Amino acid sequence: TKDTSVTGMYGWAEADAIPGTAFSAISANQETQNSIHVNIIHKFWQRWQAGLEFRRFDVEAFNGTSGDVNIVHGALWFFF
C-alpha cells in the first residue's frame, strides 16, 4: 500500500590474512562476513508509524570457526 514501505539490503565483505598480525582488515579476525537486512515500515495514522527490522549476519573467521546471529528490532514512532 502507499503507507507501507519494504526495503532490503545485502552486505558482503572479505579480507585477506595479514602475515604476522593478530587481526584482519575487517574486525575480530573475520575472513568473510555476509549480512541481510529487511525493513518494513507502516504509517497507520497521520503522525504514527511502526517498523520491524530483521538482520542476519554470517561470519567465517581465519581460524576456521564460523557463526551466525539473527536479530529482530521493532519500533513505534510518533511525530510532533
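Not measured: the values here are computed from a predicted model. We number each residue from 1, following the sequence as shown.
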K.L.:
Please tabulate, for side-chain N and O atoms in residues 6-13, each donor-acceptor pair with protein atoms closer than 3.5 Å (sequence neighbours left out).
P.N.:
unit_1	atom_1	unit_2	atom_2	d
Thr7	OG1	Asn39	ND2	3.2
Tyr10	OH	Asn34	OD1	2.9

K.L.:
Quick one: list whatever passes side-chain hydrogen bond (donor to acceptor under 3.5 Å, both in side chains) with Thr4, sequence neighbours left out.
P.N.:
Thr1, His42

K.L.:
Show every donor-acceptor pair shorter than 3.5 Å between a side-chain atom in residues 64-78 and any protein atom, with sequence neighbours excluded, or say none if there are none.
P.N.:
unit_1	atom_1	unit_2	atom_2	d
Thr65	OG1	Asn63	OD1	2.7
Asn70	OD1	Arg56	NH1	2.9

K.L.:
Which pairs count as salt bridge (Lys or Arg N to Asp or Glu O under 4.0 Å) when at least one residue sits in residues 71-80, sequence neighbours excluded?
P.N.:
none

K.L.:
If hydrophobic clusters are built by linking Ile, Leu, Val, Met, Phe, Trp and Tyr wherever their side-chain heavy atoms come under 4.5 Å apart, do Val38 and Leu52 end up in the same one?
P.N.:
no

K.L.:
Test of understanding: with ring pair (Phe, Tyr, Trp, His ring centres under 6.0 Å), list the residues that count as partners of Phe57, not counting sequence neighbours.
P.N.:
His37

K.L.:
Do any pairs count as a salt bridge (Lys or Arg N to Asp or Glu O under 4.0 Å) and have a residue in residues 71-80, sequence neighbours left out, and if so which ones?
P.N.:
none

